[in-house]
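Worksheet for the structure shown next.
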Amino acid sequence: MAAPESGDGNNGAARMVTLISSDNTRFEVEAAAASLSQTLQLTILDGGGGGGDGIPLPNVDSATLSKVLEYCIKHAPAAANGGAPNATAVDRAELERFDNEFVNIDQSVLYSLIMAAHNLEIEGLQSLVAKKVADMIKGKSPMEIRRTLGFPDPTPEEQAEMNAHMLEYGWAYE
Amino acid sequence: MVRAGRYMELEAKGKRSRASSDILAGDRLSALPDCIIHHIMSFMKARQVVQTCVLSTRWTNLWRSVLCLDVDEEEFRNQGRDYTMDEELEKFEDFTDHLLIPNNISISSLDMFRLHVTDRYRSGKQSAKWIRHGVKYSTRAPDIQVKGLSSNSWRIKRLHLSNVHLDDNFTKHVSSGCPYLECLELKAPAVAYLFLALNRDQFEVAGGVSIDEMPFLVKASVDLQGILCKNQTKLLGSFSNVTSLELLRFPAKFSNSLWRMDGMETSSSQGLKRTEIIYKDEDLRQLVKLLSSN
């Protein structure tokens, strides 16, 4: 049983792994960053993803994957510090700024992201996007939520159903 | 002709995909699995969570199966109309009454429950009742079957109660009914994270608050509010399993009186030696005294 060759040869250099999106784009990324994904971590610990192999991700397209990896690369150093107890206030503020900007994107991208984060089990990213979506809903009436979240305008039947609902659940409305 | 045809085809495709990203954002959200939508809901307050039921048929019952619930009296403030304070509180009470009937949401099936009321809600009697009923009816709700857990206990892991008036029954119910509780936060006046902060009246319920029947509780935080009474020391004495104990607002004479109190002198001292104590007060000397006497 030989030890996995990839990674052993290049002393000092970070070990790289290759991820393959559903549309067959290959992404080479540091193992430490990819390991933010609980799902990938196991494969990577097993020595997978190195060399010419690559880890196929049939549920994640390249646009989403590149966004996911952007997050992972940014958060990898802090994660390596075990949640970064040593991180300075500046580092934390920088991460926070990054996070805020990171989710300032089109809704459909948000939903692809949260789905990918869920499949790849990237806890921080799941919460970041979930909170962003919750913030878009906060303090809005159902009609405002529909508009903000891009629900189609209700048909007359749907509107009648909505009204009936609001009557039934009057205790949750004004 | 070929060129034009190809061009049009491309344009049509482009249009289709643009249109789908515009119109269907809501549908894309609705298409997410329940667990993701519930995760999103865990960042919202309870009333807003329930209000999502009118978004579409997909959402009608999603709120009933949340695992985290955050009921906050402040969500009922300043609703844009000229409600008096009493009317707002009435709405809050009415909402929570409805929300926590077992056919809607049973506290016993939650992982996390937060109930936050402010000083405005003085009558407050309801809040303890909501919790007690949650325990009482957890065995009777036929719909709620949690695999692998006995049906007469809560699965709840995190319980955060702010300003909730606790009566005699509370302790008994919660300590005997929540074997999986990892985090108990009871707070009176607003403080920070994972708290047990009760005023003198609240402490002087029969027997006080004791957590020794919650073997999984590892983190606790106590706001002593500058006072010390027998029940508080009894409470501290029951923290033998916690590995992180945060103590706030020590009374000035704490260390002098501490060791004369019955509760603290029992088995607890041993447990406390393994405890990480976070002390947030100006007067560090009190902590030094406490540690040296231990």
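All values derive from a computational prediction rather than experimental measurement. Below, chain A is the first sequence line, B the second, and so on; all start at residue 1.
Residue B:D97 does not touch chain A at all, counting heavy-atom pairs closer than 4.5 Å. Interface remark: B:S30 contributes side-chain atoms only to the contact with chain A (heavy atom separation under 4.5 Å). Contacts of B:I37 with chain A are absent, with no heavy-atom separation under 4.5 Å from either backbone or side chain. With a threshold of 4.5 angstrom between heavy atoms, B:F76 does not approach chain A through any atom at all. Both the backbone and the side chain of A:S112 come within contact range of chain B, each with at least one heavy atom under 4.5 Å from a heavy atom of that chain. Of the atoms belonging to B:Q51, heavy atoms from both backbone and side chain fall under 4.5 Å from chain A. Only the side chain of B:T57 comes within less than 4.5 Å of a heavy atom in chain A; its backbone stays farther off. Heavy atoms closer than 4.5 Å to chain B are found nowhere in A:T148, neither backbone nor side chain. Neither the backbone nor the side chain of A:L110 comes within contact range of chain B; no heavy atoms are under 4.5 Å apart.
Rounding to the nearest 0.5 Å places CE of B:M44 at 11.0 Å from CG of B:D70.
Of all heavy-atom pairs spanning B:L99 and B:A46, the tightest one is CD2-CB, 4.0 Å. In terms of heavy atoms, B:F43 sits closest to A:A134 at CB-CB, 3.5 Å.
Cation-pi geometry between A:K67 and A:F102 is met: the NZ or CZ atom falls under 6.0 Å from the ring centre, inside 45° of the normal.
Not a single side-chain hydrogen bond (donor to acceptor under 3.5 Å, both in side chains) links A:E28 to another residue, sequence neighbours left out.
Interface summary for chain A: among B:R47, B:M41, B:E75, B:K45, the most heavy-atom pairs under 4.5 angstrom belong to B:R47. When the candidates B:T60, B:I36, B:N104, B:D94 are compared by the number of heavy-atom contacts under 4.5 Å with chain A, B:I36 comes out ahead. Highest contact tally toward chain B, considering only A:M115, A:M162, A:K131, A:Q107, is held by A:K131 [criterion: heavy-atom pairs under 4.5 Å].
Distance alone, capped at 3.5 Å, places no donor-acceptor pair between the A:Q126 side chain and the A:E121 backbone. The backbone N or O of B:F92 sits nowhere less than 3.5 Å from a side-chain atom of B:E73 that would complete a donor-acceptor pair.
Aromatic ring centres of A:Y169 and B:W63: separated by under 6.0 Å.
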